[in-house]
Visitor: 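Before anything else, here's the structure in question.
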Amino acid sequence: GYTITGSLGSNHFWAGYTVMDTHTRFGVDELLMRVPSSFFAKKTSDFGDFSQKVAKYGAMGIEGTPKLLDKCLVPGRTFFIYDRLLDSHQLNFFAGNKSFQVTDAFLIAKRIAQVMDVAWNMYGLVHQDLTPSNVAVNLRTKEVMLYNMGLSSHLLNDHKLMDWGFNIWDAKYMSPEFMKKGNGHTPQVDIYALGGILHLLLTGEEPYVGMEPQAILEAPPPDPRSHVPDLPDKPAEIVKLMMAKEKGDRPASWEDVLG
């Protein structure tokens with residue numbers, strides 16, 4: 001069994017908890033439990049197929065993504081157990097609270113890019129929901145963990161679920177081509193989102209706060225210097241490049257980002 005030790009928040013999709021394994025089967029003190037929301041469980045067209053996707057992506061072994069360790073699919077008691085990056089915080093925790101030194105911000109962004117580079121080049125995966133709430137970081141080591149890898153495209157293809165108004169996507173981190181046309185099958189959609197995360201890391205503020213999706217589409221790429229006037233030009237220009245409105249104006253690959 002598992003003992004819940006803390007809450008990590010919830011949305012239309014999941015509720016997350018830190019838990020302890022009472023039988024210590026996995027050799028770690030703290031694990032992640034994710035419980036599908038009742039809304040999602042009732043409205044999805046094929047929960048069995050979704051569970052298979054969760055198992056598939058949880059078994060890929062991509063470093064920097066959580067490994068699925070256990071699951072229970074009993075109706076009303078469904079949960080998934082993952083390993084957890086210890087002493088970590090989801091990046092949305094820092095919005096309005098903390099900014100990072102430029103070197104630390106770029107190290108965290110680099111490690112996110114490295115995870116995405118492996119996901120794309122080995123498995124052809126894009127994230128499509130690369131937001132601060134889906135990234136955890138250990139402040140001491142700057143290690144990262146990316147959640148929900150591979151699940152967005154499955155959810156978007158569940159038309160019954162979409163017809164019920166299911167939405168976990170954050171317009172502040174959605175590239176224009178993804179927001180307008182659902183075109184999110186190349187790395188540029190995640191490169192755009194990582195630019196938004198880098199903006200948060202450098203400034204302590206999310207891009208496009210308080211703006212409606214249409215206003216975001218019409219606005220220029222955010223300049224982190226509007227929040228941190230003494231920020232050097234180079235990191236600010238990198239954010240603007242990654243969040244360019246035209247897909248072709250962004251870095252073409254993860255190799256370009258990491259280079």
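In this chain, residues are counted from 1 in sequence order.
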Visitor: Rounded to the nearest 0.5 Å, how far does CD1 of Ile216 lie from CE of Met179?
Guide: 5.0 Å
Visitor: For Ala109 and Leu201, which heavy atoms make the closest approach, and how far apart are they?
Guide: N-CD1, 4.4 Å
Visitor: So do the side chains of Asn92 and Thr131 get within less than 4.5 Å of each other, counting heavy atoms only?
Guide: no
Visitor: So do Trp120 and Asp190 actually touch side chain to side chain, heavy atoms under 4.5 Å?
Guide: no
Visitor: So, do Trp14 and Leu8 sit near enough that their side-chain heavy atoms are less than 4.5 Å apart?
Guide: no
Visitor: How close do Pro222 and Pro207 get, heavy atom to heavy atom, and via which atoms?
Guide: CG-CB, 3.8 Å
Visitor: So, Asp46 and Lys160, do they make that salt bridge, N to O below 4.0 Å?
Guide: no
Visitor: Any heavy-atom pair between the side chains of Ser37 and Asn11 that's under 4.5 Å?
Guide: no
Visitor: Going by atom types alone, do Glu177 and Ser175 pair a side-chain donor with an acceptor below 3.5 Å?
Guide: yes
Visitor: What do the steps show when you test Phe40 against Phe50 for ring-ring contact (aromatic ring centres under 6.0 Å, His included), and what is the final call?
Guide: CA-CA 11 Å; Phe40 174 77; Phe50 164 74; 4.7 Å; yes
Visitor: Tell me whether Leu32 shares a hydrophobic cluster with Phe26, the cluster being built from Ile, Leu, Val, Met, Phe, Trp, Tyr side chains joined at under 4.5 Å.
Guide: no
Visitor: I'd like to know if the side chain of Asn157 reaches the main chain of Ser153, judged simply by a donor and an acceptor atom lying under 3.5 Å from each other, with no hydrogens or angles considered.
Guide: yes
Visitor: Using a 3.5 Å distance criterion without hydrogens, assess whether the side chain of Arg250 forms a donor-acceptor pair with backbone atoms of Tyr192.
Guide: no
Visitor: Compare all side-chain heavy atoms of Pro187 with those of Met116 and state whether any distance is below 4.5 angstrom.
Guide: no
Visitor: Is there a donor-acceptor contact under 3.5 Å linking the side chains of Glu255 and Ser253?
Guide: yes
Visitor: Once you round to the nearest 0.5 Å, how far does CD1 of Ile108 lie from CD of Glu143?
Guide: 11.5 Å
Visitor: Atom CG of Leu125 and atom CD1 of Ile62: how far apart are they, to the nearest 0.5 Å?
Guide: 5.5 Å
Visitor: Would you name the heavy atoms of Val257 and Ala113 that are closest together and state the gap between them?
Guide: CG1-CB, 4.1 Å
Visitor: Is the number of heavy atoms from other residues, nucleotides or ligands under 6.0 Å of Lys142 NZ greater than 12?
Guide: yes
Visitor: Can you confirm if the NZ or CZ of Lys98 lies within 45° of the ring axis of Phe100 and under 6.0 Å from the centre of its six-membered ring?
Guide: yes
Visitor: Measuring only between side-chain heavy atoms, which start at C-beta, is Tyr82 closer than 4.5 Å to Met145?
Guide: no
Visitor: Using only atom types and a distance under 3.5 Å, with no angle test, would you say the side chain of Gln90 pairs donor to acceptor with the backbone of Pro132?
Guide: no
Visitor: Looking at CG of Asp87 and CD of Glu30, how far apart are the two atoms once the value is rounded to the nearest 0.5 Å?
Guide: 8.0 Å
Visitor: Would you indicate whether the side-chain heavy atoms of Leu161 and Lys43 approach each other to under 4.5 Å?
Guide: yes
Visitor: Compare every heavy atom of His127 with every heavy atom of Leu130, then report the nearest pair and how far apart it is.
Guide: N-ND1, 3.3 Å
Visitor: To check you understand the geometry: which heavy-atom pair defines the closest contact between Ala252 and Gln188, and what is its length?
Guide: O-NE2, 3.2 Å
Visitor: Say whether Phe79 and Phe13 are linked into one hydrophobic cluster, either directly or through other cluster members, by side-chain heavy-atom distances under 4.5 angstrom.
Guide: no
Visitor: If the test is side-chain contact (heavy atoms from CB on, under 4.5 Å), which one of Leu68, Val54, Asn148, Ile81 qualifies with Arg34?
Guide: Asn148
Visitor: Check each of Asp21, Asp70, Thr18 against Tyr2 using the side chain to side chain donor-acceptor pair (under 3.5 Å) test, and report the only one that passes.
Guide: Asp70
Visitor: Compare all side-chain heavy atoms of His185 with those of Gln128 and state whether any distance is below 4.5 angstrom.
Guide: yes
Visitor: Please check: side-chain N/O of Thr203 versus main-chain N/O of His199, any donor-acceptor pairing under 3.5 Å?
Guide: yes
Visitor: Donor-acceptor pair, Asp249 side chain versus Lys245 backbone, under 3.5 Å?
Guide: no
Visitor: Test Leu194 against every option in Ile197, Ile191, Leu198 by the side-chain contact (heavy atoms from CB on, under 4.5 Å) rule and name the one that passes.
Guide: Ile197
Visitor: According to a 4.5 Å side-chain heavy-atom criterion applied to Ile, Leu, Val, Met, Phe, Trp and Tyr, with indirect links allowed, do Phe80 and Met33 form part of one hydrophobic cluster?
Guide: no
Visitor: If you round to the nearest 0.5 Å, how far is CE of Met174 from CG of Leu217?
Guide: 9.0 Å
Visitor: Carefully, step by step, assess Glu237 and Lys240 under the rule salt bridge (charged side-chain N to carboxylate O under 4.0 Å, His left out).
Guide: CA-CA 5 Å; Glu237 293 301 322; Lys240 293 171 67 177; 3.8 Å; yes
Visitor: Look up atom CG in Leu231 and atom CZ in Arg225, then write down how far apart they are to the nearest 0.5 Å.
Guide: 7.5 Å
Visitor: Test salt bridge (charged side-chain N to carboxylate O under 4.0 Å, His left out) on Arg111 and Glu63 and set out the steps.
Guide: CA-CA 10 Å; Arg111 289 184 169 167; Glu63 186 174 356; over 6 Å; no
Visitor: Please give me the minimum heavy-atom distance between Trp169 and Ser152, naming the atom from each residue.
Guide: NE1-OG, 2.8 Å
